[in-house]
Amino acid sequence: MMRTRPLKVALLGCGVVGSEVARIMTTHAADLAARIGAPVELAGVAVRRPSKVREGIDPELITTDATALVKRGDIDVVVEVIGGVEPARTLITTAFEHGASVVSANKALLAQDGAALHAAAEEHGRDLYYEAAVAGAIPLIRPLRESLAGDKVNRVLGIVNGTTNFILDKMDTSGAGYSEALDEATALGYAEADPTADVEGFDAAAKAAILAGIAFHTRVRLDDVYREGMTEVTAADFASAKRMGCTIKLLAICERAADGGSVTARVHPAMIPLSHPLASVRGAYNAVFVESEAAGQLMFYGPGAGGSPTASAVLGDLVAVCRNRLNDATGPGDSAYTQLPVSSMGEVVTRYHISLDVADKPGVLAQVAAVFAEHGVSIDTVRQQGKDGEASLVVVTHRAPDAALSGTVAALRKLDTVRGVASIMRVEGE
């Protein structure tokens, strides 16, 4: 039997995502009520610019006082889509204190202060859901928190930023340079006027911190994630990747150590084989590859950003949280019982693709090989091409600790016969 008294929802933020959440709540009100078991009512919308016309939203619901809205006491669920750390953090904790559960899409805040927010939710017996914080419409947080709760996840490897994937895909398929591909992404609305958060990996790093924490049941903060942007990737790098049967993606990689005693989280561009499922992810799409002991290999794919996809994830959380409120229950909370340490990037074992500009004369290859041997790094393949006293030398290594590979590169730069290091890139997905 459906309850007639509606569950009241406060919406913080009414931009691209917030306005779509409000629209769906209005146009699909009957379906949402049937799925939840009670009507849901938009009880207030907090915005910065109240004079802006918002089609489909009663002007009486608009307020600039977000704090007063979450303090009302009759609000059942607060939906936070304003982003940033403050005032979102204070508003969310205030909502818990005044009896509301929270649905958020705020990856930056969750990556930085997720543990404290979960603690506040638990203290007040309320839910904190955030499916929309990582990969838009792609169901990922709930499968990790619930569907795979009885399994042991060992690795999460994914493309979690649509802007960077669009740029790299354009460079791969058209031969465009980075600047040209970025200009097209901006013109099409995939890249912000200031794309730093995307192209320097900050956005993906926040998502990696959230994924690693959930997958490995441990505390992983944004500062724990190694981050490297993709602005230095060139057309020459793609040419080298193609010769290896690879392409290049900006990857978020979260791994459990082989001995199970630690975890790592990192974001950086990498070459991956064309045979890997992630290699075929095109345009602004996202995809995440999960490897677990019992389930094996799973892949989640779909649109990772935009108003409608992100709103879809928000509404899914809203339905789940409202159901919990009706049943006087809460869903899965924070699970960080393992308290595993987060290892540094230097301890990560990976492969490298290194392109060197060298003098074209006898003995150069032997000198370079000796440096690799001195640092305990085994060479897989070498390709050399020379002309007019100059040459290029491409070395692909076997797997070795990242610190050893970094030390190798530093030593190579000191050789008189090495004119410069043209590019360095990790090789993943094998």
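Judged by distance alone, with hydrogens and angles left aside, the side-chain atoms of R126 form no donor-acceptor pair with the main-chain N or O of V102 at under 3.5 Å. Of the possible polar contacts, none joining the Q339 side chain to the R219 backbone as a donor-acceptor pair under 3.5 Å is found. The main-chain N or O of K52 is found under 3.5 Å from a side-chain atom of R54 such that the two form a donor-acceptor pair. Side-chain N or O atoms of K249 include one that pairs as donor or acceptor with a backbone N or O of V281 at under 3.5 Å. Looking at K207, its side chain does come within 3.5 Å of a backbone N or O of V160 through a donor-acceptor pair. A donor-acceptor pair under 3.5 Å is formed between the side chain of R351 and the backbone N or O of T397. Side-chain atoms of R323 come within 3.5 Å of backbone N or O of R35 as a donor-acceptor pair. Proximity of a side-chain donor or acceptor of R256 to a complementary backbone N or O of V153 within less than 3.5 Å is detected.
The side chain to side chain donor-acceptor pair (under 3.5 Å) analysis of residues 259-277, with sequence neighbours excluded, yields the pairs E255-R266, S262-S343, R266-H268, R266-E428. Applying the side chain to side chain donor-acceptor pair (under 3.5 Å) test to pairs two or more places apart or on separate chains, those with a residue in residues 105-120 are E80-N106, R89-D113, K107-D203, H118-Y130. Residue pairs meeting the ring-ring contact (aromatic ring centres under 6.0 Å, His included) criterion with at least one member in residues 183-206, sequence neighbours excluded, are F166-Y190. Applying the side chain to side chain donor-acceptor pair (under 3.5 Å) definition to pairs two or more places apart or across chains, those involving residues 296-314 are E20-S308. Judged as a ring-ring contact (aromatic ring centres under 6.0 Å, His included), not a single pair has a partner in residues 395-418 (not counting sequence neighbours). Sorted by first and then second residue, the pairs that involve residues 141-151 and meet side chain to side chain donor-acceptor pair (under 3.5 Å), not counting sequence neighbours, are R142-D317, D151-S292.
The heavy-atom pair separating V220 from A212 by the smallest distance is CG2-CB, 3.9 Å. When all heavy atoms of C246 and M271 are compared, the closest pair comes out as CB-CB, 4.2 Å. The two atoms that bring A359 and V364 nearest to each other are O-CG2, 3.2 Å, heavy atoms only. When all heavy atoms are compared, the tightest approach of Y285 to I159 is O-CG2, 4.0 Å. Of all non-hydrogen atoms in E131 and A313, the two that sit nearest each other are CG-CB, 4.1 Å.
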Go through it in stages, so that I can follow the logic: the residues are D237 and S240, the test is side-chain hydrogen bond (donor to acceptor under 3.5 Å, both in side chains), and I'd like the CA-CA distance, side-chain angles, deciding distance and then a yes or no. CA-CA 5 Å; D237 291 326; S240 293; 5.6 Å; no
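Residues satisfying the salt bridge (charged side-chain N to carboxylate O under 4.0 Å, His left out) criterion with D169, sequence neighbours excluded, are R282. With sequence neighbours left out, T338 forms a side-chain contact (heavy atoms from CB on, under 4.5 Å) with H217, T218, L340. Residues meeting the ring-ring contact (aromatic ring centres under 6.0 Å, His included) test with Y226, sequence neighbours left out: none. Checked against side-chain hydrogen bond (donor to acceptor under 3.5 Å, both in side chains), N327 has no partners two or more places apart in sequence or in another chain. For R413, the salt bridge (charged side-chain N to carboxylate O under 4.0 Å, His left out) test picks out no residue, with sequence neighbours left out. For D127, the side-chain hydrogen bond (donor to acceptor under 3.5 Å, both in side chains) partners two or more places apart in sequence, or in a different chain, are N324.
Atom CD of E122 has 12 or fewer neighbouring heavy atoms from other residues, nucleotides or ligands inside a 6.0 Å radius. Heavy-atom neighbours of R243 CZ from other residues, nucleotides or ligands within 6.0 Å: above the threshold of 12. Residue-environment remark: CD (E55) stays at or below the threshold of 12 foreign heavy atoms within 6.0 Å.
With hydrogens and angles left out, the side-chain atoms of D183 and T186 include no donor and acceptor closer than 3.5 Å.
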